[in-house]
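Inspection log for the structure reproduced underneath, given as structure tokens.
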2 protein chains.
Amino acid sequence: MTPAQSPITSADKTFFQLRTDIVEGVIAAGTKLSETELSTNYGVSRAVIREAINRLVACHIVERRANVGARVVNLTTEGLIELYQIRESLEGMAARLAASNMTDTEISNLESLLNDHFEEVKQGHSYYQEAGDVDFHYRIILGCKNNHLISMLTDGIYHLVRMYRVQLGMAGPRVSTAFDEHKHIVQAIANRDGELAEILMRRHILYSKNNIQKKLL
Amino acid sequence: MTPAQSPITSADKTFFQLRTDIVEGVIAAGTKLSETELSTNYGVSRAVIREAINRLVACHIVERRANVGARVVNLTTEGLIELYQIRESLEGMAARLAASNMTDTEISNLESLLNDHFEEVKQGHSYYQEAGDVDFHYRIILGCKNNHLISMLTDGIYHLVRMYRVQLGMAGPRVSTAFDEHKHIVQAIANRDGELAEILMRRHILYSKNNIQKKLL
DNA sequence: ACCGGCTAGATTGTCGACAATTGACCTACA
DNA sequence: TGTAGGTCAATTGTCGACAATCTAGCCGGT
């Protein structure tokens with residue numbers, strides 16, 4: 001799913017591990033992160049834990065107050081809306097750029113990916129499950145070829161999005177509609193129509209937000 | 001200009017200092033950042049330097065390779081374009097949200113700010129100088145009330161933008177035209193027309209990008 | 001002369017100990 | 001009883017030393 005992360009240093013590994021544990025809910029939202037405690041739990045020095053925590057702060061997964069400590073962020077409705085506004089903006093741009101910058105083979109790969117998903121939908125499997133949706137969005141993000149943008153989305157935003165999805169249990173009913181939206185986005189990209197691709201991607205994410213927002217009220 | 005940063009810890013101060021020195025060009029782009037050397041220069045321990053560098057890595061001002069070291073990023077045309085694509089996307093969204101979320105007093109403050117600038121323009125002062133432009137964009141960003149978005153722009157993107165501006169010397173000729181663009185954006189926000197505000201802001205940044213791109217060829 | 005491996009120096013990564021700050025509890029006093 | 005102040009334990013911030021890793025230069029073989 002996500003491309004091979006290659007943890008080199010001990011701090012890398014600890015960062016990835018901690019991030020996974022928080023996103024998956026092993027460490028609950030709002031939890032205080034005690035450096036000494038984590039240090040013993042993960043079997044590394046406090047310096048390593050500190051570096052990992054600082055990186056999590058940079059992705060907005062953890063908040064730190066000087067001389068007081070670090071806490072996992074709380075999952076709020078406002079936070080989720082903020083996140084989706086950013087997604088709408090950045091992924092819309094990614095789709096626009098992808099229409100210009102994806103190679104023909106990348107596009108045909110994306111189309112065949114979509115066909116595979118179509119088969120699953122026909123057989124009644126819920127399409128809007130993590131893997132398929134994430135995979136789709138992921139390829140378009142990579143297709144934009146803007147490294148800074150790619151990094152912001154894949155290193156920063158997406159883990160937070162996933163945290164909300166996992167912990168608020170969002171495997172919503174937007175099955176076939178979401179699939180159609182994906183199909184139209186790919187069509188626009190294949191036609192090299194960046195403007196349309198952006199509009200469609202933004203609407204797609206906006207619908208998603210509205211759907212979730214409805215469920216949370 | 002930028003709101004009061006309150007450096008608490010020694011690492012905070014070192015981070016701000018280092019960032020300023022890099023953005024202003026005291027430490028040139030592409031320079032290798034030796035931890036021990038910086039440690040003696042700034043009069044703090046290596047741990048503090050490491051934390052500061054890691055934060056700079058998170059803002060994409062510095063790149064680090066494990067076991068090798070950290071370097072200040074190189075300023076490339078591609079990097080600048082990437083940055084402006086992100087700005088177009090995020091600040092467009094900020095303008096849209098600002099049209100909904102700014103208070104009436106914030107809007108009237110913004111209008112009077114623009115009037116002050118207009119006086120300067122009438123008197124022949126180059127409007128498109130750092131202070132005025134940054135101030136304008138800054139207020140709109142804050143006006144969006146999306147804390148995550150605010151943080152991405154003010155902590156992340158803007159220092160890089162400034163680094164390009166300072167080091168590539170961009171005090172371009174877009175004087176009165178930029179002022180008009182600002183005026184129209186404020187009008188849209190005052191009318192609570194988010195959609196138009198976004199379109200105008202995106203075009204404003206796009207023009208800016210084209211202008212710079214033209215000068216760099 | 002050129003290429004591959006090896007050694008030495010320097011740099012980064014990790015660790016445990018010490019210093020500084022915070023928050024809570026406890027006490028004294030109005 | 002409630003509040004202000006002080007004390008103490010616990011946590012975070014900072015430091016210097018040690019271990020692991022990379023780069024550059026040297027040496028020997030082909």
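Chain A is the first sequence line, chain B the second, and so forth, proteins listed ahead of strands; every chain is numbered from 1. All figures in this text were calculated on a predicted structure; none of them were measured in a lab.
One interatomic measurement links the two molecules: CD of B:Glu51 to P of D:dT12, which rounds to 13 Å at whole-angstrom precision. Going from atom CZ of B:Arg65 over to atom C1' of C:dG13 covers 16 Å, rounded to whole Å. A:Phe15 has its CZ atom 17 Å from the C1' atom of C:dG13, to the nearest Å. In this entry the distance linking CG of A:Asn67 with C1' of C:dT21 reads 5 Å, nearest Å. Distance A:Ile8 CD1 to C:dT12 C1': 14 Å, rounded to the nearest Å. The NZ-P distance, from A:Lys32 to D:dA10, rounds to 13 Å in whole Å. For the pair A:Asp12 CG and D:dT21 C1', the interatomic distance rounds to 14 Å; values are reported in whole Å.
When the nucleotides C:dG13, D:dT14, C:dC15 are ranked by their closest atom to the side chain of A:Arg46, D:dT14 comes out on top. Proximity note for A:Glu35 (side chain, C-beta onward) versus D:dG13, C:dT12, D:dT11: the nearest is D:dG13. Side chain of B:Thr9, nearest nucleotide from D:dT12, D:dG13, D:dC15: D:dG13. Relative to the side chain of A:Val48, the nucleotides C:dT21, C:dT14, D:dC22 differ in distance, and C:dT14 lies closest. Here the side chain of A:Val44 is nearest to one of D:dT14, C:dC15, C:dT22, namely C:dC15.
A distance-only check finds a donor-acceptor pair linking the side chain of B:Thr154 to the backbone of B:Ile150 [under 3.5 Å]. Judged purely by atom type and a 3.5 angstrom limit, A:Tyr164 uses its side chain to pair as donor or acceptor with the backbone of A:Thr76.
Where B:Gly69 and A:Ala66 meet DNA chain C, the nucleotide closest to each residue was compared, and B:Gly69 sits on the side nearer the 5' end.
Between B:Arg64 and C:dG13, a side-chain N or O to OP1/OP2 separation shorter than 4.0 Å is present. At C:dT14, none of the side-chain N or O atoms of A:Ser45 fall inside 4.0 Å of OP1 or OP2 (strictly under the cut-off). Phosphate contact (OP1/OP2 of D:dG13, side-chain N/O of B:Arg50, threshold under 4.0 Å): absent.
Between the side chains of A:His60 and A:His159, no donor-acceptor pair of N or O atoms lies under 3.5 Å.
Open room surrounds CZ on B:Arg203; 12 or fewer heavy atoms of other groups in view lie less than 6.0 Å from it.
Contact annotation for B:Ile49: no contact, since no heavy-atom pair falls under 4.0 Å across all strands. A:Leu33 comes within contact range of the sugar-phosphate backbone alone, with a heavy-atom separation under 4.0 Å but no base atom that close.
For the pairing with A:Leu200, the side-chain contact (heavy atoms from CB on, under 4.5 Å) check across A:Ile185, A:Ile189, A:Ile205, A:Val186 returns one residue only, A:Ile185.
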